[in-house]
Visitor: 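Take this structure, written in structure tokens, and hold onto it; I'll ask about it next.
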Amino acid sequence: MTTAHAAAPLRARASRSLTGRIGVPGDKSISHRALILGAMATGETAITGLLEGEDVLRTADAMTALGAIMTRAGEGAWRVSGVGTGGLSEPDRVLDHGNSGTGVRLVMGAVATTPIACTFTGDASLCRRPMGRVLEPLSRFGTESMGRAGGRLPLTLRGAANPMPVVYASPVASAQVKSAILLAGLNAPGRTTVIERESTRDHTERMLRAFGARVDVEPHEDGTAVTVTGEAELSATAIAVPGDPSSAAFPLAAALIVPDSDVTVEGVLLNPTRAGLYETLREMGASLDILDARDAGGEPVASLRARFSALKGIEVPPERAPSMIDEYPILAVLAAFAEGRTVMRGLKELRVKESDRLVAMARGLAACGVAVTELEDGLIIEGGGPGSMPGGVGIATEMDHRIAMSFLVAGLAARAPVTVDDSAFIATSFPGFSELMTRLGGSLERVNR
Ligand code: S3P
């Protein structure tokens, strides 16, 4: 979707009830990492449950351009023949990561300590997002780069020929920054450490260990120190990708606000660094059950059952933000259907996602008739309770899949339909979203412009 595409408006209208048992596509974060680490390992990595969304397919394409061999054996079943750490080869084309910040930042890390030149680009949304947060720490390995002001894409990076190991205290709570540094550290001598003030998703650490790398996680006076031992030999492994909790959030949220609903999503990743939304929903009084909790390939997984609930507004603890960072747009919709005030703060990072999500949610909710205040680092939402949202508007999704899905969920419970201007970006993370919501009983229809 880097080149101009035909916008696909989609309308959601009040639905009777949502019921059923479903699965959601594979976790996006784990899918990117499986392809990247598979490409940097020796041997053949077998992946099942891979998210075949636009973002992840761009990563597959980039790793192919860097020399790995990717074979699709069936739906979500991929085989990756890797080139070994340090074995990535210079691509003869520009690496276009489309809408994906995770894809581009992790691949930059993966190439940063191999002496090859790579040029990266993305769509209009990605070209607005800051890359300096990754380029600055990578420069400490000896990586050179030249991009637009603020390190923005398109940019060219030349990997370090004689990399130095790095110790980096990250000023932003970002798993993408942490992961880029750890991936760069794989091909540097010695120990590379990232110090995190707040812990962010730890899929890179878990998966590096599964591929045989040494990763140490230790308390540090400024938080947690995550260290990878470099010149690592990664060995191919099998990876089963669990369902994405950030995608499961949408059908579960819809069930909480559409009367008489009862929806179960099976096989959802419940890694504690990703499960903040579910803790928050329980505090809001949601009927949410965790069933069949188990360990699947080193990650906790469970089925989640949500039923229509009388939600109440709460103050969301700001320190919970890293574990639910992608879930604030849908939480903001739920807060509008809760009784009373919800305050969410500590969310400056939302301004540099696929869109400025604080602006997009504040504007969209206000248009839907909700009383909302935009703060510098958050939102205050005055919830009116079940059935309170007037709706009846069109929403600008700003090339942001989660803004599109959040307002479609709102429309399923609003008094008048909600139309999003472009649903095409939903395919970056949740292909089949509208079919799946329709199967549950949601009323979604394409709109001709
Ligand atoms: C991700 C990290 C988060 C998150 C993104 C996926 C990852 O971004 O918002 O959707 O897979 O590492 P930040 O690292 O910018 O917080």
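For ligands, and for the atoms within them, numbers begin at 1 and follow the listed sequence. Given the structure is predicted, the values throughout are model-derived calculations rather than measurements. Counting begins at 1 with the first residue of the sequence.
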Visitor: Are any of the N/O atoms in Ser174 less than 3.5 Å from those in ligand 1?
Guide: yes
Visitor: Strictly below 4.0 Å, N to O, side chains only: are Glu354 and Arg402 in salt-bridge contact?
Guide: no
Visitor: May I ask you to check whether Arg105 has an N/O atom sitting below 3.5 Å from an N/O atom of ligand 1?
Guide: no
Visitor: For Ala175 and ligand 1, does the shortest N/O to N/O distance drop below 3.5 Å?
Guide: yes
Visitor: With sequence neighbours left out, what residues match Ala362 under side-chain contact (heavy atoms from CB on, under 4.5 Å)?
Guide: Val372, Glu374, Leu379
Visitor: Would you mind checking which non-hydrogen protein atom is closest to atom 8 (O) of ligand 1, with the distance to 0.1 Å?
Guide: Lys353 NZ, 3.1 Å
Visitor: Quick one: look up the protein heavy atom nearest atom 6 (C) of ligand 1 and list residue, atom name and how far away it is.
Guide: Thr102 OG1, 3.2 Å
Visitor: When Leu304 is tested against each of Leu281, Thr264, Leu291, Leu270 for side-chain contact (heavy atoms from CB on, under 4.5 Å), which residue passes?
Guide: Leu270
Visitor: Atom 2 (C) of ligand 1: which of Arg357, His32, Arg201 has the nearest heavy atom?
Guide: Arg201
Visitor: Within a radius of less than 6.0 Å around CZ of Arg140, do more than 12 heavy atoms belonging to other residues, nucleotides or ligands occur?
Guide: yes
Visitor: Tell me if the aromatic rings of His5 and Phe425 count as close, with their centers under 6.0 Å from one another.
Guide: yes
Visitor: Identify the protein heavy atom lying closest to atom 4 (C) of ligand 1, giving its residue, its atom name and the separation to 0.1 Å.
Guide: Asp326 OD2, 3.4 Å
Visitor: Where is the nearest protein heavy atom to atom 12 (O) of ligand 1: which residue, which atom, and how far?
Guide: Arg33 NH2, 2.7 Å
Visitor: Considering both backbone and side-chain atoms of Ser29, is one of its nitrogen or oxygen atoms within less than 3.5 Å of a nitrogen or oxygen in ligand 1?
Guide: yes
Visitor: Would Asp326 and Arg357 pass as an ion pair if we require N to O under 4.0 Å?
Guide: yes
Visitor: Is Asp244 close to Ser429 at the side-chain level, that is, under 4.5 Å between some pair of heavy atoms?
Guide: no
Visitor: Using a strict cut-off of 4.0 Å, indicate which atoms of ligand 1 neighbour a heavy atom of Ile325.
Guide: 9 (O)
